[in-house]
Amino acid sequence: MGRPTDVDETFAQLYDRYYKAIYHTAYGILHSEEEAEDVMQETFLSLLNSLQRGETINNSGGWLLQVARNGSYNATRRMNRLADAEELEKLTSSDRADSSENTLFVHQMLSTLSDAEREIVTLHVIAGLKLSEIALLMELPSATVRWRFANAKKQLRRALREVP
C-alpha cells in the first residue's frame, strides 16, 4: 500500500466524524441493525466514489445524511416488496429480542415523537452531535432544531409521566 492520498484522508476524516450519525439515522428509519449497517456502508461508498471522481461536496455532513435517508427509504421499499407482513415483523422485532427491557422502553418512547424530532434526539443524544451541527446536517435553522429538541423533551417527559 502506498501513501494515503488527499481523497483517502478526506474520506477517513468524514467517516470518523459522521459514521455514528449516519448509522443512527438509518437505524431510526429501518429499525434493523443489519440494514442500517448496509445503508451506512453504501453511503460511505457513495462518498468515496464522489471524492475519487473529484466532485465538490458542499456541506458534506448534510450530503451524507441525505444519502443515508434516501438509502434507508429505498431499503424500506425493498423490504416491503420482498417480505410479507410476518417476515417484516420478524425483521423489525426479532433482532431486538435479546435487547434489554430498557432498550425496548427507549424505542417505545422515541416512537411517540415525529420523524424529525426522533432524528434530532437520536443525533444529539445517541450520536453525540451538537444541535448546531444537526442544524447544518439537516439544513435547518438552528432555532428550528433547538425548538424541535425542546418540544421532543416535553413530549418524552409527558409520556414518561403516563408510564405506570
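- When the side chain to side chain donor-acceptor pair (under 3.5 Å) test is applied to R118, the partners found at least two apart in sequence or on another chain are D115.
- Residue pairs that meet the salt bridge (Lys or Arg N to Asp or Glu O under 4.0 Å) test with at least one member in residues 36-49, sequence neighbours left out, do not exist here.
- How far CG of L51 is from CG of D8: 9.5 Å, rounded to the nearest 0.5 Å.
- Side-chain atoms of T112 and L156, non-hydrogen and from C-beta on, do get closer than 4.5 Å to each other.
- To the nearest 0.5 Å, atoms CG (L64) and CD1 (I22) are separated by 5.0 Å.
- Among residues two or more places apart in sequence or in another chain, the salt bridge (charged side-chain N to carboxylate O under 4.0 Å, His left out) test is passed with R69 by E119.
- Residue pairs meeting the side-chain hydrogen bond (donor to acceptor under 3.5 Å, both in side chains) criterion with at least one member in residues 136-147, sequence neighbours excluded, are N59-E139.
- Partners of V121 according to the side-chain contact (heavy atoms from CB on, under 4.5 Å) rule, which considers only residues two or more places apart in sequence or in another chain, are L110, L113, V125, F149, A152.
- Note that CG of N70 is 10.0 Å distant from CG of L65, once rounded to the nearest 0.5 Å.
- Between S50 and I57, the closest heavy-atom pair is CB-CD1, 3.9 Å.
- Annotation: side chain to side chain donor-acceptor pair (under 3.5 Å) contacts of S114 (sequence neighbours excluded): E117.
- Taking each heavy atom of R148 and A116 in turn, the nearest pair found is NH1-CB, 3.6 Å.
- Qualifying ring pair (Phe, Tyr, Trp, His ring centres under 6.0 Å) partners for H24, counting only residues two or more places apart in sequence or in other chains: none.
- Distance check: E55 CD to S46 OG gives 10.0 Å after rounding to the nearest 0.5 Å.
- Taking CD1 from I29 and NE2 from H31, the interatomic distance works out to 8.5 Å, rounded to the nearest 0.5 Å.
- Listed by first and then second residue, the side-chain hydrogen bond (donor to acceptor under 3.5 Å, both in side chains) pairs involving residues 11-22 are R17-E133 (not counting sequence neighbours).
- For N49, the side-chain contact (heavy atoms from CB on, under 4.5 Å) partners at least two apart in sequence or on another chain are Q52, R53.
- Applying the ring-ring contact (aromatic ring centres under 6.0 Å, His included) test to every pair with at least one member in residues 49-69, sequence neighbours left out, gives no pairs at all.
- Not counting sequence neighbours, the partners of A26 by the side-chain contact (heavy atoms from CB on, under 4.5 Å) test are L30, A36, V39, S72.
- The CG atom of N151 lies 10.0 Å from the CD1 atom of I120; values are rounded to the nearest 0.5 Å.
- Residues L136 and L140 do not share a hydrophobic cluster, defined by chaining ILVMFWY side chains whose heavy atoms lie under 4.5 Å apart.
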